[in-house]
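Remarks on the structure that follows.
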Amino acid sequence: MYLPHRLQKLGVEQAVAYLAKDPEKNLPKLMEWADKFANGEFGPQRDAIRAAVNDPDNVYHQLLLRILRDVDTEVLKTTFVNFALNANLVGWPKQEEARKQYGCNVPWAILLDPTSACNLHCTGCWAAEYGNKLNLSFDEIDDIIRQGKELGIYMYIYTGGEPLVRKADLIKLCEKHSDCQFLCFTNATLIDEAFADELLRVGNFVPAISLEGGEAATDSRRGQGTYRRVIAATELLKRKKLPFGFSCCYTSANFESISSEAFYDQMIDLGALFVWYFHYMPVGNDAVPELLPTPEQRTAMYHRIRDYRTRKPLFAMDFQNDAEYVGGCIAGGRRYLHINANGDVDPCVFIHYSDANIRQKSLLDALRSPLFMAYHDGQPFNENMLRPCPMLENPEKLRQMVANTGAQSTDPQSPESADHLCAKCDRYAACWTPVSEELWASSPRGKKAAEKQ
């Protein structure tokens, strides 16, 4: 039986404070906390925690020590309560209940664009083509979060545009929804001393900083001097003992540098606790399909990230190749959805088609719209977990869903048809299919799936 939420929160805060006093000595307390509050659920996650706690040679043991030593204790308390307790142990059962009650997907996280405006204009960025005059008002974002919490959603991720153009409002939302965890994809150039102090005060906002590789690669895409401003932001965050990570988009052009061990080590040295690797998506009428990674490059990324995870104290996510850990595509509200700065509810941050707008429909009604139900009924889109996406690896699926549901392009400046978008993925999908089939068949999860058939 679960303890009352107030006692759970107090227990988490006390456990974190105890851990932070002497991380090496007190780390086993974390396992005791996990067993106490998990109520017999989340078995695989608890097994991973146990391995990290008990084995000093485990790379995640080293990562936990980094977190406990390098992050402000009050920020740690808030993050553990909001992320581990609210977003998972408390939120997940509420989401499951809603899924059963309403017969639709209910996400674990909501991605939303506070604004389409950005202080940079990066080459190849679909957000830069999205228009720079669109905004969700404070009240609209507040209401999205309110509706989300009613469904058990306590994790909110800001995208853009550059979300920190609205940083005063974002801090106010952190204050009003102090029980939620916020993550923000940002170019970091607007992070200054005053904003860092605000992050320390609220404790529930974590930046994920975009980085293209080294100085030359970053500045060539984002503008002269951007790299140094990013590094200055990381130095400030590290000095303030604030948690942060990186967001890296790998393309055919920057693949070698951005996936190299030297770059990976540099992110750790800069103080990052996590990294999201995103596969380039040819979204928008002006996208460049030639930037799509080759099958050989994607295969190399698959192996490199898995190797680094066993040796390096950095939590790494490979958005396209890690679908095997989450059962395929997580968009369409299965684990997340995207709301743009015009209020359109997109199934994915990379798939800009919608048949619902948050200004006309409730969040729940959007989740039960024809397009989102097509996602619900169609997932997984492929039994091969290395071909999860209905656009990139299975373009015929997205064409069909958009056509059948009447969903429209949500790009306000240059609407792109699903046929135009998917045509850029057809050749990629054809080339990746045989490679992915071989890779999936030889993977542990692929072998288990084959045994069940």
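Owing to the predicted nature of the structure, the values given are computational and were not obtained by experimental measurement. Every heavy atom of this structure was used, including side-chain atoms; hydrogens, water molecules and symmetry mates were not.
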>> Is the shortest side-chain heavy-atom distance between N285 and H420 below 4.5 Å?
In response: yes
> Do the non-hydrogen side-chain atoms of Y277 and I258 ever get within less than 4.5 Å of each other?
Replying inline: yes
> Looking just at side-chain N and O atoms, do N135 and T115 make a donor-acceptor pair shorter than 3.5 Å?
Replying inline: yes
>> My understanding is that only residues two or more places apart in sequence, or in another chain, count here; which of them pass ring-ring contact (aromatic ring centres under 6.0 Å, His included) with Y353?
In response: none
> Below 4.0 angstrom, N of the basic side chain to O of the carboxylate: do K241 and D70 qualify?
Replying inline: no
> Taking NZ, NE, NH1 and NH2 as the nitrogens, is one of them in E215 or R228 under 4.0 Å from a carboxylate oxygen of the other?
Replying inline: no
>> Suppose we screen for salt bridge (charged side-chain N to carboxylate O under 4.0 Å, His left out). Which residues come up paired with E150, at least two apart in sequence or across chains?
In response: R146
> Under 6.0 Å between ring centres, would you say that holds for F185 and Y158?
Replying inline: no
> Would D179 and K9 pass as an ion pair if we require N to O under 4.0 Å?
Replying inline: no
>> For a 4.5 angstrom cut-off between non-hydrogen side-chain atoms, does S252 reach Q297?
In response: yes
> For the side chain of N342 and the backbone of D344, is there at least one donor-acceptor N/O pair under 3.5 Å apart?
Replying inline: no
>> Closer than 4.0 angstrom, basic N to acidic O: yes or no for K172 and E175?
In response: no
>> Among F319, F255, F350, Y428, exactly one meets ring-ring contact (aromatic ring centres under 6.0 Å, His included) together with H279. Which residue is that?
In response: Y428
>> Between D169 and I141, is there a side-chain heavy-atom distance shorter than 4.5 Å?
In response: no
> Can K167 be said to sit on top of F195's aromatic six-ring, NZ or CZ under 6.0 Å from centre and within 45° of the ring axis?
Replying inline: yes
